[in-house]
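Have a look at the structure below before the remarks.
Note on naming: letters A, B, ... go to the chains in the order of the sequence lines (proteins, then strands), and numbering restarts at 1 for each one.
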There are 2 protein chains.
Amino acid sequence: MPRAGLDPVAVVTAGADLADEVGLSGLTMGLLAERLGVRTPSLYKHVVSLDALHRGIALLAARDVGLVLARAAVGKAGPEAVRALAHAYRHWALEHPGRCAATVRPPAAAAEKAAAAEKAAAAEKAAAAEKTVTAGKAAAAAKTAAGEKAAAAEKAAGDGKAAGDEEIRTVSEEALQVLLDVLAGLGLPPERIIDAARALRAAMHGFAGLEAAGGFGYPEDVDRSYDFLIDSLIAGFTARPADQ
Amino acid sequence: MPRAGLDPVAVVTAGADLADEVGLSGLTMGLLAERLGVRTPSLYKHVVSLDALHRGIALLAARDVGLVLARAAVGKAGPEAVRALAHAYRHWALEHPGRCAATVRPPAAAAEKAAAAEKAAAAEKAAAAEKTVTAGKAAAAAKTAAGEKAAAAEKAAGDGKAAGDEEIRTVSEEALQVLLDVLAGLGLPPERIIDAARALRAAMHGFAGLEAAGGFGYPEDVDRSYDFLIDSLIAGFTARPADQ
DNA sequence: CCAGTTGGCTAATTGCGTTAGCTTTAAGCT
DNA sequence: AGCTTAAAGCTAACGCAATTAGCCAACTGG
């Protein structure tokens, strides 16, 4: 009986793939173990808990989106870049519903342990606010994202609580940076770029979520509706750059 | 030992409230039973399963949003009505995260039974497409929504499978109608109103989802970002009504 | 007052996450 | 090569949540 040769990264990756197939809520330790040709408890040698597995998938997914978005925007600028990015995101989300669902993590199940969350929440976001970057260098984010995946993934999946979340925050930041870079090319006032990034993210995420859940009646015109959403947003962004 | 005097509606309502407190995934039969002063198995006298409970909550929630949106738009028209509606939705979503989460149901867990879903998916949405309604009569939807809640809620929670989903579809349709009515006041070409409704819904839902999940760094400027999103969308809608 | 339905209870089953403790593999080290 | 040791698998077992079966008491309508 030779060993299966598993490691945290392999487990998390297989978990992500499985989640894409059966849905994140359908991802079960037993199912994943079976997929990997191993008995359920063996997984705990690589992943500390199901929640940690989710965290690992979230980290993987955050890196994925960052890369996908960056690639999509390469060589483009302005509205065209935004459209390409939005298209790429939707494509990725539909292709990877499990990973996509993993990227949005409920705030610790809305119970106790509010203490640990407070301290970290306020500071780590300030960095992104000032980076009034210039467009076009989206590829830079991709390089960073392609780096040492293994170490971080192990950390996210292996650590008990906050360490993985911190890592996810960082990687998500990098993905957000791609949005900021691209939106900077629209000529928005600097203090509005963050708002625009949130708006675009919310729009893309919301649309993908509704679409994945079958929230739209007939599927034939969904493409057009998505284009309409993105185009409207772009037009709205650029129409009144100095509003309010 | 007097009886607890429960009925399906009471159970579903309590379930919705509990879900708002502990999150939809934190809603458990045992917890709900405890809340209602009853032992777990007793709940099954009123609700056929946990999934059916979720369905019942979804129905309740769909009715809630419809009502909330309709109320918000009363007496307003044009961009102002859209803003009011969007504000009301966000408020409701933050106030009722459990109900909100329940409104978006995964497509039968992405496994088997694809057969039953096919037949119903294509037809029942056609009705909404033609209703090129005039704005202002939003209150009409509210009346309908306020009607026989009890019967429908019981059906949704009590029935085994599809009957509840059908009911939900209908009620969601009514809520959507409010969106359509309000958006009709923006002067969009009729064939774009559906697209706009989807866009607005996706934007609101996505923003609320990210916000509830703590997806934004510092919470202080989130209000402004939301306004920016909605205003951009409105501006985009009206800026190029005959686009493409 | 009685019969029947109904709502609630206890007991028991199943599936899943997780822990404990044993065993063997596969590296190293000498 | 032989020995040691940490890691990776395995089996057994616990706890919790969903669900079912079957019993009994409490309202309901006559």
Side-chain angles (χ1 to χ4, degrees), chain A residues 1-15 18-19 22-57 98 102 106 108-112 150 153-155 157-161 164, chain B residues 1-15 18-19 21-57 98 102 106 108-109 111-112 150 153-154 157-161:
Chain A
M1 46 301 271
R3 294 210 176 165
L6 295 180
D7 61 87
V9 185
V11 171
V12 170
T13 306
L18 189 52
V22 301
L24 188 61
S25 58
L27 173 62
T28 194
M29 287 302 228
L31 202 56
L32 179 55
E34 185 183 9
R35 168 72 59 103
L36 291 169
V38 113
R39 299 307 189 108
T40 306
S42 303
L43 293 182
Y44 289 83
K45 287 291 159 76
H46 308 290
V47 162
V48 106
S49 70
L50 180 64
D51 190 66
L53 175 64
H54 284 161
R55 223 162 19 236
I57 295 175
E112 53 287 304
E154 285 192 31
K155 199 160 130 198
D159 251 320
K161 269 298 163 193
Chain B
M1 46 302 277
R3 292 207 179 173
L6 295 181
D7 61 87
V9 185
V11 172
V12 170
T13 306
L18 188 52
E21 294 172 31
V22 301
L24 187 61
S25 58
L27 172 62
T28 193
M29 287 301 231
L31 202 56
L32 179 55
E34 184 183 9
R35 168 72 60 100
L36 290 168
V38 113
R39 300 307 188 109
T40 307
S42 304
L43 293 182
Y44 289 85
K45 286 290 161 76
H46 307 289
V47 161
V48 105
S49 69
L50 179 64
D51 190 66
L53 175 63
H54 284 161
R55 226 166 11 238
I57 295 175
E112 54 287 306
E154 284 191 31
D159 250 320
K161 268 300 162 192

Atom [atom1] of [X] and atom [atom2] of [N]: how far apart are they, to the nearest Å?
X       : N      : atom1 : atom2 : answer
B:Asp7  : D:dC27 : CG    : C1'   : 15 Å
A:Asp51 : C:dG17 : CG    : P     : 12 Å
B:Leu50 : D:dA17 : CG    : P     : 12 Å
B:Leu43 : D:dA17 : CG    : P     : 14 Å
A:Tyr44 : C:dC22 : OH    : C1'   : 19 Å
B:Lys45 : D:dC24 : NZ    : C1'   : 10 Å

Which heavy-atom pair separates [X] from [Y] by the least distance, and what is that distance?
X       : Y       : answer
A:Ala52 : A:Val48 : CB-CG1, 3.6 Å
B:Met29 : B:Leu50 : CE-N, 3.8 Å
B:Val11 : B:His46 : CG2-CB, 3.9 Å

With a cut-off of less than 4.0 Å, is there a side-chain N or O of [X] near OP1 or OP2 of [N]?
X       : N      : result
B:His46 : C:dG8  : yes
A:Ser42 : D:dA8  : no
B:Thr28 : D:dC16 : no

Within residues 31-41 of chain A, find the residues that approach DNA chain C with a heavy atom at under 4.0 Å, and present them sorted by residue number.
A:Thr40, A:Pro41

Let me check something: any side-chain donor-acceptor pairs from residues 31-38 of chain A under 3.5 Å, sequence neighbours excluded? List them with distances.
{"unit_1": "A:Arg35", "atom_1": "NH1", "unit_2": "A:Glu21", "atom_2": "OE2", "d": "3.2"}
{"unit_1": "A:Arg35", "atom_1": "NH2", "unit_2": "A:Glu21", "atom_2": "OE1", "d": "2.8"}

Side-chain atoms of A:Met29 come closest, of C:dG8, C:dT18, D:dA17, to C:dT18

Picking from C:dG8, D:dG9, C:dT18, which would you name as closest to the side chain of A:Leu6?
D:dG9

Roughly how far, to the nearest 0.5 Å, is the CG atom of B:Leu18 from the OG1 atom of B:Thr28?
9.0 Å

How far does OG of A:Ser49 sit from CZ of A:Arg55, to the nearest 0.5 angstrom?
6.0 Å

Would you say that B:Leu53 contacts B:Leu27 through its side chain, given a criterion of any heavy-atom pair below 4.5 Å between the two side chains?
yes

Map B:Gly5 and A:Leu27 onto DNA chain C by nearest heavy atom, then report which one ends up closer to the 5' terminus.
B:Gly5

